[in-house]
Amino acid sequence: MIELARLREASEEVIATLAKKGFDAGPLVEQALAYDAERRQLQKSLDEARSQINQLSKAIGEAARRGATAEAESYKAESTTLKATIQQQEAALRETEAKLHELLIRLPNPPHPSVPGGRSAAENVVVSQNAYPLLPADGRLPHWELAEKRHLIDFERGAKVTGSGFPFYTGDGAKLQRALIAFFLDEAEKAGYLEMEAPFLVNTDTAFGTGQLPDKDAQMYYVPLDELYLIPTAEVPLTNYFRGEILEEAQLPVKICGYSPCFRREAGSYGKDVRGLNRLHQFDKVEIVQIVRPEVSYEALEEMRLYVESLVDRLELARRTVLLCGGDMSFASAKTYDVEVWSPAQQRWLEVSSVSNFETFQSNRMKLRYRRGKATDLVHTLNGSALALPRIVAALLETHQLPDGRIRVPEVLQPYLKKAYL
RNA sequence: GGAGAGAUGCCGGAGUGGUCGAACGGGCCUGACUUGAAAUCAGGUAGCUCGCUCCGCGGGCUCGGGGGUUCGAAUCCCUCUCUCUCCGCCA
């Protein structure tokens with residue numbers, strides 16, 4: 001959610017910047033500023049009326065002590081009249097504030113100046129790529145066939161037990177999941193992130209705080225009886241950890257990480273996109289989150305990007321990183337890198353991580369601030385997948401399969417799996 | 001799930017209808033004293049918001065959240081959330 005002050009002081013700039021996301025903010029901004037002006041006027045006259053009533057109340061108390069009953073009664077009458085006005089103004093103010101809020105939450109986060117223009121993924125910019133070759137398909141089995149054949153994943157029974165997109169991982173398949181999670185968490189800890197295990201269900205305030213609500217509610221599983229959402233990513237509970245708090249400057253940067261299953265309804269997905277592990281309703285992921293001072297958030301973004309890249313590289317997978325263009329970015333992000341791995345059998349790139357700086361978009365929703373001298377200021381929040389498992393597994397199986405059908409385990413995972421081949 | 005108790009500022013803890021944004025203690029900050037420190041003394045120490053003659057001043061709101069009663073609520077009523085104790089259930 002954009003800061004009101006920024007909107008007031010630089011509305012033209014905000015509109016121009018949002019055009020990069022393909023969003024026409026003009027009418028919305030104009031309307032918001034009008035409500036803001038109205039709100040302030042209402043606030044002012046309401047405050048004045050309240051001030052009067054406060055003074056009257058004091059006078060009543062004082063008169064009553066003196067025994068000046070008639071005087072007190074006349075004040076009371078005055079106060080009662082005033083109160084009716086106040087109630088009217090309060091209602092008007094509430095209404096205006098609600099309308100303003102409605103508009104503000106519909107405004108996407110303006111992208112950072114370094115974000116390229118563009119309408120779709122085709123216009124994303126490749127910023128780095130590692131040296132591993134983009135293997136040809138040749139005789140390689142796609143991961144869904146290989147995984148069934150080697151009894152690593154059981155898609156069919158998952159579909160029976162729950163539904164499509166909820167696979168069982170069996171035997172070494174399950175162990176591979178555990179190995180990857182442990183590897184990712186261990187590395188994150190070495191990189192300075194505090195490990196947390198977060199709740200996997202969250203309330204509506206939390207879902208609003210990181211921007212899942214209101215616009216992405218169809219993406220989340222919901223438990224109506226308890227009004228809780230299954231998390232689509234650990235970003236949600238982790239970033240909300242300090243929601244509503246004022247942090248001391250010395251506490252920053254906050255660096256936390258956590259493993260969680262991720263639940264996504266993925267309504268409307270179909271075809272080759274959802275084949276095998278390409279898109280699931282439940283998957284495992286390790287997430288990293290940083291909460292930092294605004295001045296250093298873009299340094300933090302680069303640090304996180306490099307860290308995520310190093311993880312993929314050590315799994316010996318062909319990898320590239322793209323900087324998302326304005327049109328391909330999410331509503332909440334100011335700048336996003338996607339890290340992708342090469343799927344030889346599918347002959348295409350699979351996104352395994354998204355690393356984003358949200359600047360104050362989330363912190364303003366969450367009212368997460370830090371003390372800067374005498375004042376307080378909103379922090380910047382960032383997060384990144386480090387990493388999401390299914391597509392890593394897909395690339396791993398397809399990349400490291402041997403002609404004899406076995407799958408070579410990348411060196412860094414061998415200590416976890418205690419074997420060199422699956 | 002049932003019964004009861006509670007939620008106050010950075011922390012502890014008073015306050016049961018008026019001058020309470022909140023006694024008192026602790027912590028922290030500033031100043032004085034001191035060669036320095038300790039001790040002592042004095043002062044200060046929340047957030048949000050509106051306005052102005054805007055390194056300051058004034059107004060409003062906030063005593064877990066929301067609503068109500070009242071001229072006036074931290075104090076009374078309703079409701080929600082959370083914590084604690086006992087019972088039940090369970091990993």
Side-chain angles (χ1 to χ4, degrees), chain A residues 1-9 32-101 103-105 197-209 213 222-229 237 240-252 254 261 291 360 362-379:
Chain A
M1 188 163 71
I2 196 160
E3 291 164 83
L4 244 184
R6 177 170 175 194
L7 207 56
R8 281 205 287 259
E9 286 154 22
L33 289 175
Y35 282 138
D36 180 44
E38 188 182 314
R39 180 192 124 252
R40 282 191 284 175
Q41 235 226 288
L42 285 166
Q43 176 81 254
K44 191 183 168 191
S45 67
L46 173 63
D47 284 353
E48 279 165 4
R50 277 176 169 160
S51 180
Q52 275 182 55
I53 220 169
N54 285 343
Q55 281 174 26
L56 280 171
S57 289
K58 276 185 190 175
I60 290 165
E62 200 264 332
R65 259 190 309 282
R66 271 192 287 126
T69 323
E71 194 182 332
E73 284 308 316
S74 109
Y75 287 149
K76 276 191 199 180
E78 202 179 328
S79 179
T80 307
T81 323
L82 208 54
K83 205 186 169 187
T85 324
I86 285 179
Q87 275 170 343
Q88 251 174 23
Q89 288 177 329
E90 277 174 343
L93 180 63
R94 261 201 303 273
E95 199 181 318
T96 304
E97 280 177 339
K99 283 193 274 193
L100 177 60
H101 188 250
L103 291 181
L104 290 180
I105 61 175
E197 184 168 305
F200 299 153
L201 284 87
V202 295
N203 60 31
T204 52
D205 286 346
T206 296
F208 176 80
L213 290 180
Y222 179 58
V223 183
L225 204 57
D226 298 292
E227 295 183 67
L228 294 174
Y229 293 87
N240 274 278
Y241 183 69
F242 290 114
R243 169 157 54 81
E245 299 189 26
I246 297 172
L247 304 175
E248 295 304 324
E249 192 164 354
Q251 286 178 268
L252 304 177
V254 169
I291 298 171
T360 59
Q362 295 180 327
S363 59
N364 192 31
R365 290 177 156 232
M366 292 190 293
K367 299 293 172 244
L368 172 53
R369 300 178 289 259
Y370 77 107
R371 211 175 293 283
R372 146 181 264 159
K374 283 183 75 175
T376 63
D377 205 0
L378 293 171
V379 297

query = Using purine N1 to pyrimidine N3 plus N6-O4 or O6-N4 for Watson-Crick, or N1-O2 and O6-N3 for G-U wobble, both under 3.5 Å, which nucleotide pairs with B/U19?
reply = none
task = Output, in order, the C-alpha distance, side-chain angles, deciding distance and verdict of salt bridge (Lys or Arg N to Asp or Glu O under 4.0 Å) for A/K76 and A/E73.
result = CA-CA 5 Å; A/K76 276 191 199 180; A/E73 284 308 316; 3.6 Å; yes
task = Spell out protein contact along nucleotides 48-79 of chain B as letters: B when the base is contacted, S when just the sugar-phosphate is, - when no protein heavy atom is under 4.0 Å; keep the 5' to 3' order.
result = SSSS-------BSS--------BBS-------
ask   = A/S363: what forms a side chain to side chain donor-acceptor pair (under 3.5 Å) with it, not counting sequence neighbours?
value = none
query = Can you tell me the Watson-Crick or wobble partner of B/G36, both distances under 3.5 angstrom?
reply = none
ask   = For A/Y370 and B/C10, what is the distance between atoms OH and P respectively, to the nearest whole Å?
value = 20 Å
query = In whole Å, what separates the C1' atom of B/U19 from that of B/U75?
reply = 16 Å
task = Please state whether the phosphate of B/G47, meaning OP1 or OP2, lies under 4.0 angstrom from any side-chain nitrogen or oxygen of A/R371.
result = yes
message = For the residue pair A/S51 / A/N54, report whether a side-chain donor-acceptor contact shorter than 3.5 Å exists.
response = no
message = Suppose you measure atom C1' in B/C28 against the same atom in B/C11; what distance do you get, rounded to whole Å?
response = 11 Å
request  = Kindly compute the distance separating CD1 (A/I60) from CD1 (A/I53), expressed to the nearest 0.5 Å.
outcome  = 8.5 Å
key: Gap between atoms NZ and C1', on A/K367 and B/A46 respectively (whole Å)   = 17 Å
ask   = Taking only residues two or more places apart in sequence or in another chain, which ones pass salt bridge (Lys or Arg N to Asp or Glu O under 4.0 Å) with A/K83?
value = none
query = Looking only at atom P, what distance separates B/U45 and B/G56, rounded to whole Å?
reply = 13 Å
note = side chain to side chain donor-acceptor pair (under 3.5 Å) pairs touching residues 38-50 of chain A, sequence neighbours excluded, are A/D36-A/R39, A/E38-A/T96, A/S45-A/Q89, A/R50-A/E90
ask   = Roughly how far apart, to the nearest Å, are B/A14 and B/G66 at atom P?
value = 25 Å
Qualifying residues under ring pair (Phe, Tyr, Trp, His ring centres under 6.0 Å), relative to A/Y222, sequence neighbours excluded = A/Y229
query = So which nucleotide does B/U81 pair with, by the Watson-Crick or G-U wobble rule with both distances under 3.5 Å?
reply = B/A7
message = Could you tell me the Watson-Crick or G-U partner of B/A42, where both distances fall under 3.5 Å? Say none if there is no partner.
response = B/U30
query = salt bridge (Lys or Arg N to Asp or Glu O under 4.0 Å) with A/E95: which residues, sequence neighbours excluded?
reply = A/K99
ask   = If the P atom of B/G65 is compared with that of B/G51, how far apart are they to the nearest Å?
value = 26 Å
ask   = Applying a 3.5 Å limit to both distances, which nucleotide forms a Watson-Crick or G-U wobble pair with B/C86?
value = B/G2
task = Write down the distance separating the P atoms in B/U16 and B/G6, rounded off to the nearest Å.
result = 14 Å
Inter-nucleotide P distance (B/C76, B/G18), Å rounded = 12 Å
ask   = When the C1' atoms of B/A32 and B/A37 are considered, how many whole Å apart are they?
value = 15 Å
inquiry  = Could you identify the nucleotide paired to B/G56, looking across every strand shown and requiring Watson-Crick or G-U wobble geometry with both distances under 3.5 Å?
reply    = B/C52
ask   = What is the distance, rounded to the nearest whole Å, between atom CD of A/E249 and atom C1' of B/C29?
value = 17 Å
